[in-house]
Undergrad: 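I am attaching a structure below and will ask some questions about it afterwards.
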Amino acid sequence: MAPGFWLWRVQHPDWNPRLDWPQTVTSACVESGGEVAVLDPLAPPDDAGEIWARLDARPPTLAVVLKPDHVRDVDVFVRRYGVRAFGPNLFWRNNIPETDVEGIEPGTELPGGLIALYDGRGRNETPLWLPEQRALVFADALTAPEGELLVWATPWHEERVLPALRALLDLPFEHVIVSHGEPVHDRAAYERALELAAWGG
């Protein structure tokens, strides 16, 4: 991806064919400002030695949940590495981490200089701006199930979402990372996504 920035992809254990996203999902690891952050981390299988070895070589110091239903395996990373956990102030009743999560909201600056952003979707998602890597990382605001980057539909797409996402163009990002579908995109793909029809599953 970029120096100090890499991804891993694993199959989501709760996936089923009725869901409107692919089974394989993306997690990210970024080194910034002396910290090592895992973003929406889904633990790799025990036999994924190469991924675990890379994590162990530069142990994470914080884990960030970008959206209430992306708790995934934050507890695993807290237990294994003793990381500080950050995420939404509210979670779904059937998907609550055991870990005490420090709340974030748009504008929050996390350790390492990562910045939580506003996406306008009303889903308590806080995408992250990674200044050192010039990257935006999204949970579900954008998706690429068929490879093309698209905005995930909401009832207030034109009213709230597009203005919020267009405001992010003020940031000098070069990379866009999404959890579902093809994970890596560039600024041109992001700009194009804002002009295309929203993806409704």
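Here the structure is a predicted model, which means the values were calculated and not measured.
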Undergrad: Within a reach of under 6.0 Å around CZ of Arg58, are more than 12 heavy atoms found that belong to other residues, nucleotides or ligands?
TA: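 Open: at most 12 neighbouring heavy atoms sit under 6.0 Å from CZ of Arg58.
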Undergrad: In terms of hydrophobic clusters joined by side-chain contacts under 4.5 Å, are Trp156 and Leu165 together?
TA: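 They do share one cluster, since a chain of ILVMFWY contacts under 4.5 Å joins Trp156 to Leu165.
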Undergrad: With Tyr81, which residues qualify under side-chain hydrogen bond (donor to acceptor under 3.5 Å, both in side chains), at least two apart?
TA: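 So Tyr81 forms a side-chain hydrogen bond (donor to acceptor under 3.5 Å, both in side chains) with Asp56.
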Undergrad: Report yes if the side chains of Leu196 and Glu148 come closer than 4.5 Å at any heavy-atom pair, otherwise no.
TA: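 A side-chain contact under 4.5 Å exists here.
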Undergrad: Which heavy-atom pair separates Leu7 from Pro183 by the least distance, and what is that distance?
TA: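 Answer, listing the atom of Leu7 first, then Pro183: CD1-CB, 4.1 Å.
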Undergrad: Would Leu130 and Ser32 satisfy side chain to side chain contact (heavy atoms under 4.5 Å, CB included), going step by step from the backbone distance to the final call?
TA: CA-CA 8 Å; Leu130 316 182; Ser32 181; over 6 Å; no
Undergrad: Using every non-hydrogen atom in the two residues, find where Pro68 and Asn95 come nearest and quote the distance to one decimal.
TA: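 The answer is O-ND2, 3.8 Å.
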Undergrad: So do Phe173 and Val137 actually touch side chain to side chain, heavy atoms under 4.5 Å?
TA: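 When only atoms from C-beta onward are counted, Phe173 and Val137 do not touch, as no gap falls below 4.5 Å.
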Undergrad: So Thr126 and Phe86, do their side chains get closer than 4.5 Å, heavy atoms only?
TA: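 Side chain of Phe86 against side chain of Thr126, heavy atoms only: no contact under 4.5 Å found.
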Undergrad: Identify the two heavy atoms, one from Lys67 and one from Ala139, that lie closest to each other, and give their separation to 0.1 Å.
TA: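 Where Lys67 meets Ala139 most closely, the heavy atoms are CB-CB, 3.9 Å.
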Undergrad: Considering non-hydrogen atoms only, spot the tightest contact between Val36 and Cys29 and give its length.
TA: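 Closest approach of Val36 to Cys29, heavy atoms only: CG1-SG, 3.6 Å.
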Undergrad: Any side-chain heavy-atom pair from Val71 and Ile96 closer than 4.5 angstrom?
TA: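 No, too far: nothing below the 4.5 Å cut-off.
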Undergrad: If you take all heavy atoms of Pro45 and Val10, which pair is closest and at what distance?
TA: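 That would be CD-CG1, 4.0 Å.
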Undergrad: Measure up the Phe138 and Tyr190 rings against each other and bin them: parallel (under 30°), tilted (30 to 60°), perpendicular (over 60°).
TA: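 Taking Tyr190 first and then Phe138, their aromatic rings lie parallel (interplane angle under 30°).
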Undergrad: Considering only heavy atoms from C-beta outward, does the side chain of Val38 approach that of Trp8 to under 4.5 Å?
TA: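 In short, these two side chains touch, coming nearer than 4.5 Å.
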Undergrad: Take atom CD of Glu98 as the centre, draw a 6.0 Å sphere, and report whether it contains more than 12 heavy atoms from other residues, nucleotides or ligands.
TA: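 Counting other residues, nucleotides and ligands, CD of Glu98 stays at 12 neighbours or fewer.
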Undergrad: Could you check if a side-chain atom of Leu162 sits within less than 4.5 angstrom of a side-chain atom of His157, using non-hydrogen atoms only?
TA: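 In short, these two side chains touch, coming nearer than 4.5 Å.
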Undergrad: Is there a chain of hydrophobic side chains (I, L, V, M, F, W, Y, each step under 4.5 Å between heavy atoms) that links Leu194 to Val161?
TA: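 Same cluster.
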Undergrad: I'd like to check Leu136 versus Pro127 (side-chain heavy atoms, cut-off strictly below 4.5 Å). Are they in contact?
TA: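 The answer is no; the side chains never approach within 4.5 Å.
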Undergrad: I want to check a possible cation-pi pair here: Arg80 against Trp52, using under 6.0 Å from ring centre and within 45° of the ring axis as the test.
TA: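 Yes, a cation-pi geometry.
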Undergrad: When rounded to the nearest 0.5 angstrom, what distance separates CD in Glu182 from CZ in Arg9?
TA: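 Glu182 atom CD to Arg9 atom CZ measures 6.5 Å (nearest 0.5 Å).
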Undergrad: How many angstroms lie between atom CG of Leu114 and atom CG of Leu128, to the nearest 0.5 angstrom?
TA: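 Interatomic distance, Leu114 CG to Leu128 CG, rounded to 0.5 Å: 6.0 Å.
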Undergrad: In sequence, state the C-alpha distance, the side-chain angles, and the governing distance for Arg54 and Glu50, and then conclude on salt bridge (Lys or Arg N to Asp or Glu O under 4.0 Å).
TA: CA-CA 6 Å; Arg54 191 165 186 182; Glu50 184 177 344; over 6 Å; no
Undergrad: Show your reasoning for whether side chain to side chain contact (heavy atoms under 4.5 Å, CB included) applies to Ile177 and Leu39.
TA: CA-CA 11 Å; Ile177 309 302; Leu39 312 179; over 6 Å; no
Undergrad: How long is the gap from CH2 on Trp6 to CD1 on Ile51, to the nearest 0.5 Å?
TA: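 Those atoms lie 6.5 Å apart.
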Undergrad: Drop me the distance from Leu150's CG to His185's NE2, to the nearest 0.5 angstrom.
TA: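 One finds 9.0 Å between CG of Leu150 and NE2 of His185.
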Undergrad: Can you check whether Ala141's main-chain N or O pairs, donor with acceptor, with Glu125's side chain at less than 3.5 Å?
TA: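 Side chain of Glu125 to backbone of Ala141: a pair is present.
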Undergrad: Identify the two heavy atoms, one from Gly120 and one from Ala164, that lie closest to each other, and give their separation to 0.1 Å.
TA: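 That would be N-CB, 3.7 Å.
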Undergrad: Does Ser27 reach the main-chain N or O of Leu42 with its side chain, forming a donor-acceptor pair under 3.5 Å?
TA: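 Such a contact is found between Ser27 side chain and Leu42 backbone.
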Undergrad: For the side chain of Asp75 and the backbone of Thr99, is there at least one donor-acceptor N/O pair under 3.5 Å apart?
TA: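 Yes, because the side chain of Asp75 sits within donor-acceptor range (under 3.5 Å) of the backbone of Thr99.
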Undergrad: I want to check something: taking the side chain as every heavy atom from C-beta on, are Arg187 and Leu169 in contact at a cut-off of under 4.5 Å?
TA: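 Yes. Closest side-chain heavy atoms under 4.5 Å.
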Undergrad: Only one of Thr24, Leu142, Asp140 passes side chain to side chain contact (heavy atoms under 4.5 Å, CB included) with His180; say which it is.
TA: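 Filter result, single survivor: Asp140.
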Undergrad: Looking at CD of Glu102 and CZ of Arg84, how far apart are the two atoms once the value is rounded to the nearest 0.5 Å?
TA: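 The distance works out to 4.0 Å.
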Undergrad: For Glu174, give me all partners under side-chain hydrogen bond (donor to acceptor under 3.5 Å, both in side chains), at least two apart in sequence or on another chain.
TA: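 Glu174: side-chain hydrogen bond (donor to acceptor under 3.5 Å, both in side chains) contacts with Arg134.
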Undergrad: Distance from Leu117 atom CG to Trp129 atom CH2, nearest 0.5 Å?
TA: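 That separation rounds to 9.0 Å.
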Undergrad: Could you state whether Val64 and Tyr118 fall into the same hydrophobic cluster, counting links through intermediate Ile, Leu, Val, Met, Phe, Trp or Tyr residues with side-chain heavy atoms under 4.5 angstrom apart?
TA: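 Per the 4.5 Å side-chain linkage, Val64 and Tyr118 are not co-clustered.
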Undergrad: List the steps, then state whether side chain to side chain contact (heavy atoms under 4.5 Å, CB included) holds for Leu171 with Ile115.
TA: CA-CA 11 Å; Leu171 297 169; Ile115 306 294; over 6 Å; no
